[in-house]
Amino acid sequence: MKKLLIVYYSYTGGTAQMVEAAATAGQGEDGIEIDVLRAEDCQPEHMLSADGYIFATPENLAAIAGVMKAFFDRCYYPLLGKIEGRPYAAMICAGSDGENAQKQLERIATGWRLKKVIDSLIVCTHAQTEEQILAPKTISETDRQRCAETGATLSAGLAMGIF
């Protein structure tokens with residue numbers, strides 16, 4: 001049995017909806033176990049027990065959310081040299097373009113020598129005003145399907161031994 005670990009943070013619900021779509025789609029694959037953990041709960045031992053990862057975060061101030069960064073900081077040194085080559089994908093819930101958050105997350109994954117196997121997915125909510133930024137998010141069905149494809153693809157690749 002292969003394990004896919006999805007680590008995420010969500011404040012206004014958008015990233016959580018993206019994770020739900022990816023996890024649900026990935027669960028349909030035989031031989032795959034999916035664990036979903038909030039970033040604040042994920043520890044190095046969770047990462048060590050997984051065969052592949054999806055990291056999902058909102059874009060905050062043109063960067064990954066601080067809670068997600070704290071997860072990476074907490075796990076970085078204990079995992080150095082122990083998870084190299086494992087596959088990952090990233091999903092960003094952005095209010096603007098999400099590109100800086102994507103670059104930051106991918107750079108962190110490069111530090112662990114993880115292998116990006118799916119292009120990072122950015123879902124843009126276009127939240128620009130204070131009211132829009134703080135409001136609960138609703139991810140469109142089209143974008144939820146894109147997230148589902150990320151989960152299904154990574155799960156299938158792990159199950160088949162491609163990744």
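Numbers here simply count residues along the sequence, with the first being 1.
- At distances below 3.5 Å, not a single donor-acceptor pair connects side-chain atoms of Lys2 with backbone N or O atoms of Gly157.
- A side-chain donor-acceptor contact under 3.5 Å links Arg86 to the backbone of Leu48.
- Contact check on Arg38 versus Asp41 returns no salt bridge, with no Lys/Arg side-chain nitrogen under 4.0 Å from an Asp/Glu carboxylate oxygen.
- Qualifying salt bridge (charged side-chain N to carboxylate O under 4.0 Å, His left out) partners for Asp97, counting only residues two or more places apart in sequence or in other chains: none.
- Formation of a donor-acceptor pair under 3.5 Å by the Tyr8 side chain with backbone atoms of Leu37 is not found in this model.
- If you look at Phe72 and Phe55, their ring centroids are closer than 6.0 Å.
- Of all the heavy atoms in Ile122 and Ala94, the pair that sits closest is CG2-CB, 4.0 Å.
- Put simply, the side chain of Gln17 gets close to the backbone of Lys137: a donor and an acceptor are under 3.5 Å apart.
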Cut-off 3.5 Å, no hydrogens considered: what does the side-chain donor-acceptor table look like for residues 110-118, sequence neighbours left out?
unit_1, atom_1, unit_2, atom_2, d
Thr110, OG1, Glu106, O, 2.9
Trp112, NE1, Tyr76, O, 3.2
Arg113, NH1, Thr110, O, 3.0
Arg113, NH1, Gly111, O, 3.2
Lys116, NZ, Glu106, OE2, 3.3

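- Within a 6.0 Å sphere centred on CG of Leu61, other residues, nucleotides and ligands contribute 12 heavy atoms or fewer.
- Listed for the Thr57 side chain is a donor-acceptor partner under 3.5 Å among the backbone atoms of Ala65.
- Within 6.0 Å of NZ on Lys69 lie no more than 12 heavy atoms contributed by other residues, nucleotides or ligands.
- Counting only distance, with no hydrogens or angles, the side chain of Asp51 and the backbone of Lys3 share a donor-acceptor pair below 3.5 Å.
- Counting non-hydrogen atoms of neighbouring residues, nucleotides and ligands closer than 6.0 angstrom, the CG atom of Asp30 reaches no more than 12 such neighbours.
- Contact detail for Thr150 and Ala89: the closest heavy-atom pair is CG2-CB, 3.8 Å.
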